[in-house]
Amino acid sequence: MTQGTGDVPATAPGPAAPEPPAPEPAAPGRGPEGTEDHGPARRFWSARRVPAALTAAAVLAAVVPLLYDVASVRADRPAAQWRRKLAGELATRPLDDGLVVTVAVAAVLAGLWLIVMAVTPGLRGLLPMRRRHADVRGGIERRAAADVLSYRALEVSGVRAVRISVGRRRVRAWAQASFRDLDDVRADLEAVLAHGLRDLGLARGLALSVQVRRPDKR
């Protein structure tokens, strides 16, 4: 709303307003906004539905024919041809045979893969956030965090375009500055992105790397 240029009546100066009290420092165990921190926020664990389904399908495909053939033998029927051939191969083929070594290596690799799937949390694209409540856990996808920071970066004066990559430990930003000094743009961009990272409320602080250059002239 624009005010006119007319005369402003003089008023007697009133008493000076008291200065607001300085904010108290956050106590230990509290977040930067003074909210209580309910312990460390660990990574989210994946359900591992695809590895579990593949393992179950492989075990089912191997066990069902074997159990059926064992039941047939118990019912006084001859063993299946594939089981007699397999037993003969296992009894006569040497351990250093190429096929035996290949199958053993494949079994070891599959076992290591299942162990890694069992002991690692997964969900690498989901960053945990600080726990403000004991029974609530929050997380944000890395792509969504990059979008939020990109919107913040485009508000910096002089930034023409920006590309941000959010990793598990570091945030990298590449920006093009159409005007202003590059050092000034980089300083403002680092400050804005650092403030944006604090606003995201991540459980683990991320390192920040900012690169600013002029747009290519064509």
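Residue numbers start at 1 and run along the sequence shown. Remember, predicted model here, so these are calculated numbers, not experimental data.
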Peer 1: Just jot down the side chain to side chain contact (heavy atoms under 4.5 Å, CB included) partners of Val59, sequence neighbours excluded, or say none.
Peer 2: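 Side chain to side chain contact (heavy atoms under 4.5 Å, CB included) check on Val59 returns Thr55, Val63.
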Peer 1: Taking only residues two or more places apart in sequence or in another chain, which ones pass side chain to side chain contact (heavy atoms under 4.5 Å, CB included) with Val105?
Peer 2: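 With neighbours one apart ignored, the set is Val101, Leu109.
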Peer 1: Report yes if the side chains of Leu149 and Val192 come closer than 4.5 Å at any heavy-atom pair, otherwise no.
Peer 2: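 Leu149 does not reach Val192 side chain to side chain.
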Peer 1: Is Met117 linked to Leu54 within one hydrophobic cluster, defined over Ile, Leu, Val, Met, Phe, Trp and Tyr using a side-chain heavy-atom separation of less than 4.5 Å?
Peer 2: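 Both belong to a single hydrophobic cluster.
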Peer 1: Please enumerate all residues that pass side chain to side chain contact (heavy atoms under 4.5 Å, CB included) together with Asp69, with sequence neighbours excluded.
Peer 2: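 Asp69 satisfies side chain to side chain contact (heavy atoms under 4.5 Å, CB included) with Val73, Ala79, Ala80, Trp82, Arg83 only.
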Peer 1: Under the salt bridge (charged side-chain N to carboxylate O under 4.0 Å, His left out) test, which residues partner Glu141, sequence neighbours left out?
Peer 2: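 Testing Glu141 for salt bridge (charged side-chain N to carboxylate O under 4.0 Å, His left out), a comparison that skips the adjacent residues, returns none.
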Peer 1: Leu112: what forms a side chain to side chain contact (heavy atoms under 4.5 Å, CB included) with it, not counting sequence neighbours?
Peer 2: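 Once residues adjacent in sequence are excluded, the partners of Leu112 under the side chain to side chain contact (heavy atoms under 4.5 Å, CB included) criterion are Val108.
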Peer 1: Mind checking who shares a hydrophobic cluster with Leu99, ILVMFWY linked at side-chain heavy-atom distances under 4.5 Å?
Peer 2: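 In the cluster with Leu99 are Val103.
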Peer 1: If you measure from OG1 on Thr102 to CG on Asp97, what distance do you get to the nearest 0.5 Å?
Peer 2: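 The OG1 atom of Thr102 sits 8.5 Å away from the CG atom of Asp97.
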Peer 1: Arg172: which residues meet the salt bridge (charged side-chain N to carboxylate O under 4.0 Å, His left out) condition with it, sequence neighbours left out?
Peer 2: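 Salt bridge (charged side-chain N to carboxylate O under 4.0 Å, His left out) check on Arg172 returns nothing, list empty.
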Peer 1: Tell me whether Leu95 at atom CG has more than 12 heavy atoms from other residues, nucleotides or ligands lying less than 6.0 Å away.
Peer 2: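 No, because the 6.0 Å sphere around CG of Leu95 holds 12 heavy atoms or fewer from other groups.
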Peer 1: Would you say Val166 and Leu127 make side-chain contact, with heavy atoms under 4.5 Å?
Peer 2: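 Yes, their side chains come closer than 4.5 Å.
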Peer 1: Applying side chain to side chain donor-acceptor pair (under 3.5 Å) as the test, list every pair that has at least one member in residues 146-165; sequence neighbours left out.
Peer 2: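 As it turns out, the side chain to side chain donor-acceptor pair (under 3.5 Å) pairs with a partner in residues 146-165, which skip direct neighbours, are Arg152-Asp199.
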Peer 1: Show your working on side-chain contact (heavy atoms from CB on, under 4.5 Å) between Ile164 and Leu193 and close with a plain yes or no.
Peer 2: CA-CA 10 Å; Ile164 295 181; Leu193 293 179; 3.9 Å; yes
Peer 1: What is the minimum heavy-atom distance between Ala194 and Leu208, and which atoms define it?
Peer 2: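 Smallest interatomic distance, heavy atoms only, reads N-CD2, 4.0 Å.
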Peer 1: Please tabulate, for the side chains in residues 184-191, all donor-acceptor contacts under 3.5 angstrom to protein atoms that are two or more places apart in sequence or on a different chain.
Peer 2:
| unit_1 | atom_1 | unit_2 | atom_2 | d |
| --- | --- | --- | --- | --- |
| Arg186 | NH1 | Asp183 | OD1 | 2.9 |
| Asp188 | OD2 | Arg180 | NH1 | 3.1 |
| Asp188 | OD2 | Arg180 | NH2 | 2.7 |

Peer 1: Would you mind reporting whether Val156 and Val162 have side-chain heavy atoms less than 4.5 Å apart?
Peer 2: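 In short, these two side chains do not touch, never coming nearer than 4.5 Å.
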Peer 1: Which heavy-atom pair separates Gln176 from Pro215 by the least distance, and what is that distance?
Peer 2: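 Between these two residues, the closest heavy atoms are OE1-CB, 3.5 Å.
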Peer 1: What pairs of residues pass the salt bridge (charged side-chain N to carboxylate O under 4.0 Å, His left out) test when at least one of them lies in residues 201-214, not counting sequence neighbours?
Peer 2: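 Applying salt bridge (charged side-chain N to carboxylate O under 4.0 Å, His left out) to every pair that reaches into residues 201-214, excluding sequence neighbours, yields Arg213-Asp216.
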Peer 1: Using the test side-chain hydrogen bond (donor to acceptor under 3.5 Å, both in side chains), find all partners of Arg168 that sit at least two apart in sequence or belong to another chain.
Peer 2: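 Scan of Arg168 (side-chain hydrogen bond (donor to acceptor under 3.5 Å, both in side chains), adjacent residues dropped) gives none.
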Peer 1: If you take all heavy atoms of Arg198 and Arg130, which pair is closest and at what distance?
Peer 2: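 Nearest heavy atoms, Arg198 then Arg130: O-NH2, 3.9 Å.
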Peer 1: State the CZ-CG distance between Arg142 and Leu206, to the nearest 0.5 angstrom.
Peer 2: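 Spacing of CZ (Arg142) from CG (Leu206) equals 10.0 Å.
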Peer 1: Which is it for Val100 and Arg93 under the side-chain contact (heavy atoms from CB on, under 4.5 Å) test, yes or no, and what are the steps along the way?
Peer 2: CA-CA 8 Å; Val100 175; Arg93 191 178 291 272; 3.4 Å; yes
Peer 1: Partners of Arg48 by side-chain hydrogen bond (donor to acceptor under 3.5 Å, both in side chains), sequence neighbours excluded?
Peer 2: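 Partners of Arg48 under the side-chain hydrogen bond (donor to acceptor under 3.5 Å, both in side chains) test: Thr120.
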Peer 1: Heavy atoms only: give me the nearest Leu182-Ala177 pair and the separation to one decimal.
Peer 2: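 Of all heavy-atom pairs spanning Leu182 and Ala177, the closest is CD2-CB, 3.8 Å.
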